[in-house]
Amino acid sequence: MDTADLENRLLADDEDTTLIIGHWTYAGTGWTNPGDKALADAAAARAREYAQWKAEVRRIRAGV
């Protein structure tokens with residue numbers, strides 16, 4: 001592989017351009033309704049409970 005040729009081609013000042021069409025917009029923060037919030041809160045609580053259970057099992061197995 002000729003790396004010098006590759007470098008020259010990559011660094012060449014070509015007239016090729018890329019047109020990017022699009023934009024970002026802010027859609028908001030938070031949940032759209034109380035039900036979605038309740039589901040997210042329940043999932044987070046379950047994840048915390050699982051992490052605590054897992055830590056307790058490790059402590060028991062380690063004999064601490």
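- Applying the salt bridge (Lys or Arg N to Asp or Glu O under 4.0 Å) criterion to Asp36, with sequence neighbours excluded, gives no partner residue.
- Listed by chain and number, the residues in a ring-ring contact (aromatic ring centres under 6.0 Å, His included) with Trp53 are Tyr50 (sequence neighbours excluded).
- Listed by first then second residue, pairs satisfying salt bridge (Lys or Arg N to Asp or Glu O under 4.0 Å) with a partner in residues 45-57 read Glu56-Arg59, not counting sequence neighbours.
- Remark: Asp5 engages Asp2, Arg9 in a side-chain contact (heavy atoms from CB on, under 4.5 Å) (not counting sequence neighbours).
- The salt bridge (Lys or Arg N to Asp or Glu O under 4.0 Å) analysis of residues 21-34, with sequence neighbours excluded, yields no pairs.
- In terms of the side-chain hydrogen bond (donor to acceptor under 3.5 Å, both in side chains) criterion, residue partners of Thr29 (sequence neighbours excluded) are, by chain and number, Tyr26.
- Residue pairs meeting the salt bridge (Lys or Arg N to Asp or Glu O under 4.0 Å) criterion with at least one partner in residues 17-32, sequence neighbours excluded, do not occur; the list is empty.
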